[in-house]
Amino acid sequence: IILSQQEPSLYTVKAVLILDNDGDRLYAKYYDDTYPTVKEQKAFEKNIFNKTHRTDSEIALLEGLTVVYKSNIDLFFYVIGSSHENELMLMAVLNCLFDSLSQMLRKNVERRALLENMEGLFLAVDEIVDGGVILESDPQQVVHRVALRVSSSPL
């Protein structure tokens with residue numbers, strides 16, 4: 001019997017999520033159809049929140065997916081990849097997103113500040129991950145590019 005071994009990819013993110021203290025979605029971007037409907041996505045988000053919100057670890061395996069996460073004040077940040085994904089690459093995406101937001105929000109990474117700066121969040125995630133492919137893991141570069149895009153957009 002020949003077992004097909006799936007090659008680990010260093011570049012695939014299945015989803016980026018930000019949930020609040022109650023596990024409610026503030027931001028979610030799914031890059032594949034693992035959870036095709038909003039109902040399935042919300043069920044997954046509740047499950048992930050229930051499994052992670054009381055733990056200090058940074059990595060979880062859930063529903064056959066690798067989940068890296070961190071919390072700050074009243075926010076929970078998640079980057080999700082497949083079970084064979086490289087945790088260090090997923091962690092680099094998570095840290096880049098968090099550090100970029102921290103710079104953009106002047107270290108005030110909490111729910112209200114994030115909600116007031118959703119455009120910056122959308123732009124930052126787009127700079128870091130495109131279609132599930134990791135483009136950037138340097139927060140300085142992300143913040144710089146977001147600032148350029150914001151300043152060049154018509155008001």
Side-chain angles (χ1 to χ4, degrees), residues 1-21 23-38 40-105 107 109-111 114 117-118 120-149:
I1 299 173
I2 298 170
L3 296 173
S4 70
Q5 183 68 34
Q6 193 149 20
E7 278 297 304
S9 146
L10 299 180
Y11 307 108
T12 318
V13 173
K14 288 188 170 286
V16 174
L17 308 173
I18 301 176
L19 307 179
D20 68 11
N21 264 348
D24 294 323
R25 174 193 290 191
L26 294 177
Y27 176 85
K29 186 150 190 175
Y30 289 83
Y31 295 101
D32 66 8
D33 55 2
T34 304
Y35 301 99
T37 67
V38 172
E40 289 172 281
Q41 291 173 3
K42 296 242 175 161
F44 172 68
E45 290 161 22
K46 275 290 183 216
N47 189 4
I48 207 171
F49 179 77
N50 290 336
K51 181 163 182 149
T52 59
H53 78 283
R54 285 198 201 93
T55 66
D56 288 333
S57 63
E58 300 176 322
I59 298 174
L61 292 172
L62 184 70
E63 298 182 22
L65 299 169
T66 301
V67 179
V68 297
Y69 59 96
K70 84 185 317 172
S71 62
N72 190 64
I73 307 172
D74 55 0
L75 297 172
F76 289 83
F77 295 83
Y78 299 92
V79 174
I80 293 131
S82 64
S83 58
H84 60 271
E85 213 50 72
N86 181 325
E87 294 94 351
L88 294 175
M89 282 305 286
L90 295 174
M91 211 64 184
V93 171
L94 178 65
N95 289 330
C96 180
L97 174 61
F98 185 84
D99 294 345
S100 299
L101 289 173
S102 184
Q103 286 180 43
M104 289 160 48
L105 301 175
K107 305 216 181 311
V109 184
E110 46 91 28
R111 185 177 191 274
L114 187 70
N117 292 280
M118 289 302 278
L121 167 64
F122 291 136
L123 292 172
V125 173
D126 288 347
E127 289 294 336
I128 298 167
V129 181
D130 181 28
V133 176
I134 301 167
L135 300 178
E136 184 60 70
S137 60
D138 178 359
Q140 299 292 345
Q141 289 295 317
V142 173
V143 171
H144 178 68
R145 289 195 195 123
V146 167
L148 286 176
R149 285 173 64 180

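Looking only at distances, no side-chain donor or acceptor of D24 sits under 3.5 Å from a matching main-chain atom of D20. Remark: the backbone N or O of A43 is not paired with any side-chain donor or acceptor of N47 at under 3.5 angstrom. With hydrogens and angles disregarded, a donor-acceptor distance shorter than 3.5 Å links the side chain of N86 to the backbone of M89. Of the possible donor and acceptor atoms, none in the side chain of S102 sits under 3.5 Å from a partner among the backbone N and O of F98. A donor-acceptor contact shorter than 3.5 Å links the side chain of N72 to the backbone of V109.
Between L90 and V13, some side-chain heavy-atom pair lies under the 4.5 Å cut-off. Between T34 and F44 the shortest side-chain heavy-atom distance does not fall below 4.5 Å. Looking only at side-chain heavy atoms (C-beta outward), I48 and Y69 stay at 4.5 Å or farther from each other. Put simply, the side chain of L75 reaches to within 4.5 Å of the side chain of R111, judged on heavy atoms.
To the nearest 0.5 Å, the span separating CG on L26 from CG on L19 amounts to 7.0 Å. L135 contributes atom CG, which lies 10.5 Å from atom OG of S137 (distance to the nearest 0.5 angstrom). Considering CG of L17 and CD1 of I80, their distance stands at 4.0 Å, rounded to 0.5 Å. To the nearest 0.5 Å, atoms CG (L97) and CD1 (I18) are separated by 5.0 Å. Residue F77 holds its CZ atom at 11.0 Å from CG of N95, rounded to the nearest 0.5 Å. Rounding to the nearest 0.5 Å gives a distance of 8.0 Å between CE of M118 and OH of Y27.
Side-chain contact annotation: Y30 with E40, donor-acceptor N/O pair under 3.5 Å absent.
Here D138 pairs with E136, Q140, Q141 under the side chain to side chain contact (heavy atoms under 4.5 Å, CB included) rule; sequence neighbours left out. For V146, the side chain to side chain contact (heavy atoms under 4.5 Å, CB included) partners two or more places apart in sequence, or in a different chain, are M104, L123, A124, E127, V142, V150. Residues forming a side-chain hydrogen bond (donor to acceptor under 3.5 Å, both in side chains) with T52 (at least two apart in sequence, or on another chain): Y78. In terms of the ring pair (Phe, Tyr, Trp, His ring centres under 6.0 Å) criterion, H144 has no residue partners (sequence neighbours excluded). A search for side chain to side chain contact (heavy atoms under 4.5 Å, CB included) contacts involving E110 returns I73, D74, N108, R112, A113, not counting sequence neighbours. Applying the side chain to side chain contact (heavy atoms under 4.5 Å, CB included) criterion to L61, with sequence neighbours excluded, gives T66.
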*Given the rule in the side chain to side chain contact (heavy atoms under 4.5 Å, CB included) test, do R149 and D126 qualify, once you have shown the distances and angles that lead to the verdict?*
CA-CA 11 Å; R149 285 173 64 180; D126 288 347; 4.3 Å; yes
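Across all non-hydrogen atoms, the minimal contact from S100 to V143 is O-CG2, 3.6 Å. Residues G132 and Y31 share a closest heavy-atom pair of N-CD2, 3.2 Å.
With salt bridges taken as basic N to acidic carboxylate O contacts below 4.0 Å, none links D33 and K14.
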